[in-house]
Every structure is written in C-alpha cells, then in structure tokens.
Amino acid sequence: MSPPEEPIIACEDVHKWYGQFHALRGISLSVQRGEVVVIFGPSGSGKSTFIRTLNRLEEHQRGRIVVDGIELTNDIRNIEAVRREIGMVFQSFNLFPHLTVLQNIVLAPVWVRRWKRQQAAQSAMQLLERVGIPEQAHKFPGQLSGGQQQRVAIARALAMQPKVMLFDEPTSALDPEMIKEVLDVMIELAKSGMTILAVTHEMTFARSVANRMLFFDGGVIVEQGTPDQIFNHPQHDRTKLFLSQILKH
Amino acid sequence: MTHVESLPPPRTGIGPIGWLRQNLFSTWYNALLTIIATLVIGVVLLSIIEWAVGSARWGAISTNMTLFMLGQYPREQVWRVWAVIYLLALLLGLSWGVWQTAVRGFALIAVGASLVFALSVVNSSVWPIWIGVAFAIGLGYLGGRHVPGMRRVAVVGGVLSFPIGLLLISGLTRLNFLPQVPSNLWGGLLLTLVLTVVGNLVSLPLGILLALGRRSRLPVIHYFCVGYIELIRGVPLITILYMAANMLPFFLPETVRPELVVRAMIGLILFEAAYQAENVRGGLQAIPRGQYEAAYALGLNPILTTLFIILPQALRLVIPALLNSFVSLFKDTSLVAIVGLFDLLRIGRSVLAQSDWLGTHREVFAFAFLVYWGINLALTYGGRRLERALGIGQR
Ligand SMILES: Nc1ncnc2c1ncn2[C@@H]1O[C@H](COP(=O)(O)OP(=O)(O)OP(=O)(O)O)[C@@H](O)[C@H]1O
Ligand SMILES: [Mg+2]
C-alpha cells in the first residue's frame, strides 16, 4: 500500500452564518484523492452551503478550508486558483444561454487556462463524446432537453481538467427518464478515478460508486460511513428516520 | 364506437367588406364615428395636398437644399461628405452580405432612399452620385456574400468607419488635400447626424460603465455613479447644454479650449449616458445569479465574467430600450440651436429670414418634419428587423 497522501480537501471546524442564522456549525472533513463522497440530508441542513464554501461561492467565517494545498482566504488569487482546480455542476445547469454548447465549454479553457482555441475545441468535442452528445455541439442550450443540458454542464466543468468535481443535486430538476442519462455519466466519471463530492438523494449512485456517505442535519455532519454502514447499520435515530423516508418511494 | 366525421375548419376569412362591417360599422355609433373620422381626415388631407401641389413655394427648400444638408460647410469640400456616405454605403452592404437578415432592413431602406433622392434631384448634376450610392451598397453585399473572410473586414471597418468619417469631415490642418473645416461651419443635417452618431457612440459605453459602477461594491464608485445618474436625470437637457457651452471652459486648463460643437457634444453625451446607464441597469438586473456563479466556478474573474457572460445577455435584453434612446437623442439634438449651433431646424429659421423666402414657414417646417420623421421611421423599422433577427435561437 502507498503511504497516506495529503488530503485533496481538508476542512477544520468550518462555520458559516447568514446574518444571524448559523447555517454551518463546525464541519470537519478530509477527502482523499479519488474518493467519491455523497452528501445527503433534509432540506435546509446546509448541504449546498457546505459544498459552495469549498470553491468560495459562499464565504465561511470561521475555521480552515484547504484545497490541494491552497488555503481559502480573502486573497482573490487563492480563490481563483482553487476555482480552477474544482469543477462544479448545479441543480439548475446554469449554462450560458447566449453561447453555443461548444462555446460554453471552450470559454474557460481559452480565457482562464490560455489554451489555443483549436486545442480547446478538440478536447471539448472529446468531452461531448464522453457525455454522449457530440451532435449537439453547435446548438444553443435552450434547444436541448434538461438531461442534455446537464451533461453539457458536466462537460463544461471537466474541460478545465479539475482535480475535484462538486455536484449540487444535479438530477433533482430533471424528469425521471432523464435522470439515468446524467447518473450514468456521473458513475462513469467516478469509476475513472475523479474525486467527487455530490449532494444527491439518488441512492443508486451512492450504492454503486460512493466510498463514503455524509448525513447532514442542522448544519453538522451527524453521521458518516460507507454505503453499507449507512444503509444497513445506521447509528443515529435521525439518520434512520431520514433514510426510511427517502427509501420508501 | 360511432364514427365521427372530420369536418372542415370554420371559415375565418371574411374579405374586405366583412372586415369593414365587423370593425368599422358594427353598431350605429361605431358607423357614425367612422363617417365623422373619415370626413375630418379627408378635409385635412385635401387641404394639405391642395397646398402642397398648388400654392406652396417649394423653391425655399430646393434652392437652399445644400444649406439644409450641410450648413456653411465649404462647397469645394463637399466631396468629403460624399466620401463618407460611400464608405458607409459599402460597409452597410458588406454587413448585409455577411449577416443577412439582421441588416437587411437597414440596407433595403438605404437603397430605396438613395434611389428616391436620385429621382428627386434628377434635374441637377447630383443624381448619378445617389445612384452610385445604391450601387455601392449592392457591391458591398456581393463582397460580403461571396468573398471569404469579409466578416472580420466588416467588424473592423465598422469600428474604424466612425473615426475615419469624422476625420474626413473635420480634416487636419497639416494635410493639404484635407484642409481643416472648422466645426463652426458644420451645419444642417450634417451637424444633426454628427451630433447624433457621436453622441450615441460615446454615451453607450459610458452608460455601460456607469451601470456597472452603480452595481459596484466599492462605495466610492457606487455613490459616484448613483449621484451622477440621479443628478443628470433631474435636470432638463437645455440646462446641461447651457452649462456645457458656457461653463465647461472654466473647468478645463487654459490651453484646452474646445469649439462650441465639441462643448455641445459633451453636454449631449453627459446627458445621454445617464439614461443609457439606466437602460443597461435594467438588463443587468435581469441576469440570474446562477450565471455569475457558473462563471466564477469556472475560474473566470469578474472582468471576464462581465465581458463574456453578463453584458452580452444584458445588452441583448435591452436592445429595444437602447434603440429608443438613440432615436430620442436624434430628436434632442435640435436643442443645440439654443447655444447657437445651426442644426437642421435652425437652418430652417435662417432660410425664413432670406428676403426671397419670407413667409415660407409651412414649407420649411413641413420639410424639417419629413426629414426627422423619415429618418426615424427608417431607424425604427431597421431596428425592429435587427431585434427580430437577434432573438432567433436564443433563450
Ligand atoms: N443566501 C442565503 N441567505 C440566508 N439564508 C440562507 C441563504 N442560503 C441558504 N440559507 C439558509 O441556510 C440554510 C441551509 O441552506 P442550504 O441551501 O445549504 O440547505 P440544503 O441542505 O442545500 O437544502 P436543500 O436540500 O433544500 O437544497 C437554510 O435554512 C437556508 O434557508
Ligand atoms: Mg441545496
């Protein structure tokens, strides 16, 4: 076995307030390279808030967050360096509607990574093959189905060659028949060795590829463990109750 | 199950008589209204036509046409204005060839207009020049359509055409073949259009900066922009023109003494920028937060995000409002007469003072009316075609 590596994400006692509201109440977590972590929990428990602090879409007010050796502080250069290493996929896709699919994907590699346009376009086409929609390259996002849009969003994030991918409920805005096409892409990505943190209630994803599951409630990690531990031997009553609610249907 | 026969759809076409009956004569009071309105419109139109083809002294316009168009611009330098018109015609044709439907409205209007102008001056030596303008547009179209790489030429040409045009019109003291024409000689429609084009071109980027500044988190920038916008919007344009014309020199170093046209232009720009800023702000507010988040998550910095993600969407949303402001400024330029410039309308009043044409008020103002209205009609129509073309396939 190789010696234990430096974690790619290390959080120590992270706190976040929205005004008076204490949304994150001391989150500590370290994630190894290649790990797939699923975050789940009731609405309002701070799941989105937490993964958004990892690329500074939300600012934390106490504690430390270190990503790939770079600590997130108010220094904008650190923030932009971390954002280059982390890809993010949103619930509502957030594609750029005025740009074609291909332009959506090459924009950041060209302007942030300073790649040649042709090279960026080539690798964008490879990514579109990988997510299964190369024929949509020259359409506008508004002309695609939800599932196709979300796959474009995944390709757009991957185009920056990130070391970590964050997903915030990537399938919950989708019709049931489109959920699978997005999950398949995510599962393939997980199997390829990408480090993933995903907020999701898709338990098929958790069962098939997650190394670890975190149960969030009230701004803290109530319980964590492997999918087997969480599904078959949950320790806390709140975890049991929540699982029984979401697994019923 | 019983078989239900497919029926033809109910007839909707009602023909012109049916339309009249349904819309204009549906009830006795509607019919009465229609008859009265027709009578009033008929009487007014008849008397206008009677005057226009009978007693009107159109000589006031035709003998002074060059004055109306150019003011005191030296007659031996008029070729420079033609050069600008030809440059713009070529570019318009080129853009038409490259962008097709988006520009077609403007291009067709311009072709039509130059042919009408040629017809209306058919007994002077100028008409072949107008025919040439129509040809230049056509030539540009063929070039844009069939020569590869013309898109870039059209963009670069479009950007350069304004400084080049302005240079051609104003000239340079140092160049023999392009002697300077002092701006106090510019007048008529030429002055009106220069003020409109330069005013709009400078005030839009300024307005964009003000709108962005208004959303800045830095208090100094934010309050400066808010203060500026609200100050300007609280004052009539005339006030600002007076101040620009008379007080601007006090704020500038002794060596900088801009000509009156430039001072008036600055006044117009300062005024218009505040309104364009509010138009742009409307567009910025309509962009959802997710667009910023997606851009930041990709590592784009705020400048790149604004430039590539936010502004293109925001501006597209407010194109109608921007075009509206363009047209407003065009009409507002007539106020520069108050500080002593000879725009189209002011030239009209000077014609009325010529001893040959005393009392030709109706002719002069009808002409000015038609020029303003015609240009605005063309802008509005072309702009609407552009809007429709830009709306396709997005959002
Ligand atoms: N911008 C904000 N301002 C104020 N309060 C906020 C803001 N964003 C989130 N909150 C609050 O913080 C808490 C955690 O929100 P968060 O979005 O992280 O929950 P979540 O676990 O992702 O829930 P969901 O499953 O509904 O997405 C909620 O109570 C929410 O109301
Ligand atoms: Mg959430």
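Remember, predicted model here, so these are calculated numbers, not experimental data. Numbers restart at 1 for each chain; the letters A, B, ... are given by sequence-line order, proteins then strands.
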Contact origin within B:Ile309 toward chain A - heavy atom pairs under 4.5 Å: both
Answer with side chain, backbone, both or neither: which region of [X] has an atom nearer than 4.5 Å to a non-hydrogen atom of chain B?
{"X": "A:Phe90", "answer": "side chain"}
{"X": "A:Leu57", "answer": "side chain"}
{"X": "A:Arg56", "answer": "neither"}
{"X": "A:Leu107", "answer": "side chain"}

CD/A:Gln118: more than 12 non-hydrogen atoms of other groups inside 6.0 Å: no
B:Tyr292 OH: over 12 foreign heavy atoms closer than 6.0 Å: yes
Options A:Arg52, A:Arg113, A:Met88, ranked by heavy-atom pairs under 4.5 Å with chain B, top entry: A:Arg52
Selection from A:Ile86, A:Val82, A:Val112 maximising heavy-atom pairs under 4.5 Å formed with chain B: A:Val112
Parallel, tilted or perpendicular, as decided by the 30° and 60° cut-offs, for the rings of B:Phe271 and B:Tyr275: tilted
Cation over ring face, A:Lys16 and A:Tyr18, 6.0 Å, 45°: yes
Residue pair A:Asp68 / A:Arg33, side-chain heavy-atom distance below 4.5 Å: yes
Test log, rule salt bridge (Lys or Arg N to Asp or Glu O under 4.0 Å), inputs B:Arg384 and B:Glu387: CA-CA 5 Å; B:Arg384 208 168 295 149; B:Glu387 273 167 38; 5.8 Å; no
